2 protein chains.
Amino acid sequence: MTEADFELRDFLPFLLNQAAEEVSLGFAQVYKARYGMLRTEWRVLAHLGSRGPMTASDIAASAKVHKTKISRAVSALETRRFLSRTTVETDRRRELLRLTDMGKAAFDDLVATARAYDRDVARQFTTEEQAVLRRCLARLAGL
Amino acid sequence: MTEADFELRDFLPFLLNQAAEEVSLGFAQVYKARYGMLRTEWRVLAHLGSRGPMTASDIAASAKVHKTKISRAVSALETRRFLSRTTVETDRRRELLRLTDMGKAAFDDLVATARAYDRDVARQFTTEEQAVLRRCLARLAGL
DNA sequence: GCATATTGGTTGTATTTGTAACCAACAAGG
DNA sequence: CCTTGTTGGTTACAAATACAACCAATATGC
């Protein structure tokens, strides 16, 4: 007999993946449809929008995303004029990224959408559940 | 002023992705190192192991994974002799997938590893937190 | 100052994935 | 039967990702 009583739905890595996929797929469609943005691009936008100008590797470190992914997302956002780069004069390897007016507008708009989406998702839980859920996820995410 | 008080870490889709990535990355390395299996392959193995023989589209439906992904995972598992196919005689489009002895052994082994990993992850939470977390995730995942 | 190592960032190539087109087996309607 | 439509599954091609090699600027050791 093999381990017949093993249930995938009790397995945390599986549960997390499944939930994450389900939840972020819905939101991905929103901003993809509206701005043609990929997940990483939206995340770069969010970082710059909420924390102000920073360099690519700052974002990579804070979002724990590989720098090549960031690099490509930044190019895409630059091409669409959502952000601009300026080389840091004291260290000319680094470039400070900042949102253009268009980028800020997109960010504001996406924040509104994001908040509404978040409320929508959260609504199916009690306040206590929400608190526990967010706390546990933050811990797991290493925040 | 742009929406400066928006914090990514409060945004559920982001939290979920981050947590999922962090948690399943660790486990992925275990079974990738041991069996050279990809996530989808391990999930196919898990389905067949815990629910017995079934067809590719059964798995696709139950795991909510696209059938092409399943198809490729099944071929990979077949090549490595973890499973075998037999055409269903009453409907020759469908093929019943079942684990070979090797597949069963791999499944048993992975179940043990998975349980240990799960315990490890869960240990940082209280019993109540665990219950809430699993319940919420299951709901979000649509289980 | 000069060789060496490190860091910020990009590019090239091999995998992986998603989307759509596809084939074969079956089902339904006439 | 013979069209037409559906379903299970695979394949082909495009997009996305990971990984390693790379370039330029700076830091470090001597």
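Remember, it's a predicted structure, so these values are computed and weren't measured experimentally. Keep in mind that the numbers below use all heavy atoms, side chains included, and drop hydrogens, waters and symmetry copies.
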## Note on the structure
Between CD1 of Ile70(A) and P of dT7(C) the distance, given in whole Å, is 18 Å
### Query
Are any side-chain N or O atoms of Arg81(B) and backbone N or O atoms of Gly103(B), one a donor and one an acceptor, separated by less than 3.5 Å?
no
## Note on the structure
Per the under-4.0 Å heavy-atom filter, residues of residues 88-98 of chain A near DNA chain C come out as Arg93(A), Arg94(A), Glu95(A)
### Task
Report the relative orientation of the aromatic rings in Tyr117(B) and Phe11(A); use parallel for angles under 30°, tilted for 30 to 60°, perpendicular for over 60°.
perpendicular
### Query
Do Ile59(A) and Leu97(A) come close enough that some side-chain heavy atom pair is under 4.5 Å?
yes
### Nucleic acid contacts - residues 11-30 of chain A versus DNA chain D, non-hydrogen atoms under 4.0 Å
none
### Query
Please walk me through it: do Arg43(A) and Gln18(B) pass side-chain hydrogen bond (donor to acceptor under 3.5 Å, both in side chains)?
CA-CA 12 Å; Arg43(A) 263 155 82 161; Gln18(B) 210 74 356; 2.9 Å; yes
#### Entry: Length of the line joining Met37(B):CE and dT16(C):C1', which is rounded to integer Å
17 Å
### Task
Calculate, to the nearest 0.5 Å, the distance between atoms CE and CG belonging to Met37(B) and Leu77(B) respectively.
5.5 Å
### Query
Between Leu45(A) and Leu99(A), is any pair of side-chain heavy atoms under 4.5 Å apart?
yes
Review item, nucleotides 15-17 of chain D N/O atoms under 3.5 Å of protein N/O:
none

### Task
For Tyr35(B) and Arg80(B), work out which heavy atoms get closest and say how close.
O-NH1, 3.3 Å
### Nucleic acid contacts - residues 60-68 of chain A versus DNA chain C, non-hydrogen atoms under 4.0 Å
Lys67(A), Thr68(A)
### Task
Return no unless some side-chain N or O of Ser71(A) is found under 4.0 Å from OP1 or OP2 of dT10(C).
yes
### Query
What distance do Phe14(A) atom CZ and Phe27(B) atom CZ have between them, rounded to the nearest 0.5 Å?
12.5 Å
### Message
Checking side-chain polar atoms at under 3.5 Å, does Ser62(B) have a donor or acceptor matched by the opposite partner on Arg51(B)?
### Response
yes
### Query
CZ of Arg85(B): more than 12 outside heavy atoms within 6.0 angstrom?
yes
### Query
Which residues pass the salt bridge (Lys or Arg N to Asp or Glu O under 4.0 Å) test with Lys64(B), sequence neighbours left out?
Glu22(A)
### Message
Using 0.5 Å steps for rounding, measure from the CG atom of Leu83(A) to the CD atom of Glu95(A).
### Response
10.0 Å
Expected list for residues 129-138 of chain B: side-chain donor-acceptor pairs under 3.5 angstrom, two or more places apart:
unit_1, atom_1, unit_2, atom_2, d
Glu129(B), OE1, Thr126(B), N, 2.9
Glu129(B), OE2, Arg135(A), NH1, 2.3
Gln130(B), NE2, Ala122(B), O, 3.1
Gln130(B), NE2, Phe125(B), O, 3.4
Arg134(B), NH1, Asp10(A), O, 2.5
Arg134(B), NH2, Asp118(B), OD2, 2.8
Arg135(B), NH1, Glu129(A), OE2, 2.3

